[in-house]
2 protein chains.
Amino acid sequence: MKLNSEQINQKLKDAGLKVTPQRHAILEAVCRLGNHPTADMVIDYIRRTHPGIATGTVYKVLDTLVDNHLVRRVKTDKDAMRYDAIMESHHHIYCAETERIEDYFDKDLDEMLQAYFQKKNLHNFKIEGIFLQINGNFNDNSK
Amino acid sequence: MKLNSEQINQKLKDAGLKVTPQRHAILEAVCRLGNHPTADMVIDYIRRTHPGIATGTVYKVLDTLVDNHLVRRVKTDKDAMRYDAIMESHHHIYCAETERIEDYFDKDLDEMLQAYFQKKNLHNFKIEGIFLQINGNFNDNSK
DNA sequence: TCTTATATAGGAATTACTCTTATTTAAGAA
DNA sequence: TTCTTAAATAAGAGTAATTCCTATATAAGA
Ligand SMILES: [Mn+2]
Ligand SMILES: [Mn+2]
Ligand SMILES: [Zn+2]
Ligand SMILES: [Zn+2]
């Protein structure tokens, strides 16, 4: 989560992508903003330091980052897509009312699910990932 | 899934909703179309028998049906929301490439998850539902 | 340094969805 | 059955979110 400038560049390189200031800024923004920002939030954040960036560039780079597994999409009931720079396996706790999304890491759960579906064997489907969306309401509104 | 006209009306009534031709047609369309149609697909389908229906009405009614638990939203990596008239607990198998979504019913899995989270107890979050999105690729392109 | 495939800027275009207001209607009351 | 009225719909303008196009710029390998 707390990647320095060099680590961000390295991630891009490792993915076989050209390192550009735009890609750097966008990946950094998704990391830094946390809480699963929308494209629009990314744009607002980036323009503070990088005023000229084009809207289309942000969308295109986000797609590229998703395709190259540096970022993932997080879907909610609302219209706008949200993005997540945490690529370690984790799930999402989501409150539709407040649009708040919290990460949920649970190794035991992941192992349980993996074991379950190994046994189950969905014929004619190759599983690439299993994600849980846990819907409900947060009791407090802290954080 | 194979609801007749009367059953559709009954569902609306049971939810405490006024029965209107538009609501009837929209709920029927989501049932009949299956495969998690977009609002646009619902509009196209309905206009064949019900040419005058307004776009805004379809979106509004879909919202109403979701709020009253007669339909649920299904989100994918693409921009457009999709809808599902199957309200029994089930999960989704999703291929991002083809945008195909298959329903996945699994009582054992549901019980396992429920038991797991009962024990786990996410403090400060009231769970309303847990949905799995199983991402990957279908081997065949049948169906 | 040169080359070139790739990426970005700029902005128009499109899609998906939302909102507003006048009109209509479902369904309970009389 | 007719009346009443809160709620629903039509129509279409408006907005948000995303995509697309093309000229220009740039990263990075040769
Ligand atoms: Mn979603
Ligand atoms: Mn949209
Ligand atoms: Zn996350
Ligand atoms: Zn379904």
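So you know, we letter chains A, B, ... as the sequences are listed, proteins then strands, and number each from 1.
Note on the helix from C:dT1-D:dA30 to C:dA30-D:dT1: angle between the axes of the first and last five pairs equals 40°, rounded to 10 degrees.
A:Asp40 and A:Arg82 are not joined by a salt bridge, as no carboxylate oxygen comes within less than 4.0 angstrom of a charged side-chain nitrogen. A salt bridge between B:Lys75 and A:Asp77 is absent, with no side-chain N of the basic residue lying under 4.0 Å from a carboxylate O of the acidic one.
Geometric assessment of A:Arg100 against the ring of A:Phe138 yields a positive cation-pi assignment under the 6.0 Å and 45° thresholds.
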Going 5' to 3' through nucleotides 12-30 of chain D and flagging B where a protein heavy-atom sits under 4.0 Å of the base, S where only the sugar-phosphate is that close, and - otherwise, we get -----SBBB------BS--
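Checked by atom type, the side-chain pair B:Tyr94/B:Glu102 shows no donor-acceptor distance below 3.5 Å. Side-chain N/O atoms of B:Asp103 and B:His36 include a donor and acceptor closer than 3.5 Å.
Between B:Gln22 atom CD and D:dA8 atom C1' there is a gap of 8 Å when expressed in whole angstrom units. For B:Ile43 and D:dT9, the CD1 to P distance is 14 Å, given to the nearest whole Å.
Relative ring orientation between B:Tyr104 and A:Phe117 is described as tilted, the plane-to-plane angle lying within the 30° to 60° band.
A nucleotide of DNA chain C counts as in contact with chain B when one of its atoms lies under 4.0 Å from a heavy atom; the first and last such, 5' to 3', are C:dA16 to C:dA27.
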Do A:His91 and A:Asp110 pass the side chain to side chain donor-acceptor pair (under 3.5 Å) test, and can you show the C-alpha distance, the side-chain angles, and the key distance before you say yes or no?
CA-CA 9 Å; A:His91 306 278; A:Asp110 291 342; 2.7 Å; yes
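Side-chain contact between A:Leu70 and A:Met87 is absent, with no heavy-atom pair separated by less than 4.5 Å. Counting only heavy atoms from C-beta outward, the side chains of A:Leu12 and A:Leu65 approach each other to under 4.5 Å.
Remark: B:Gln114 CD is loosely packed, at most 12 non-hydrogen atoms of other residues, nucleotides or ligands lying under 6.0 Å away.
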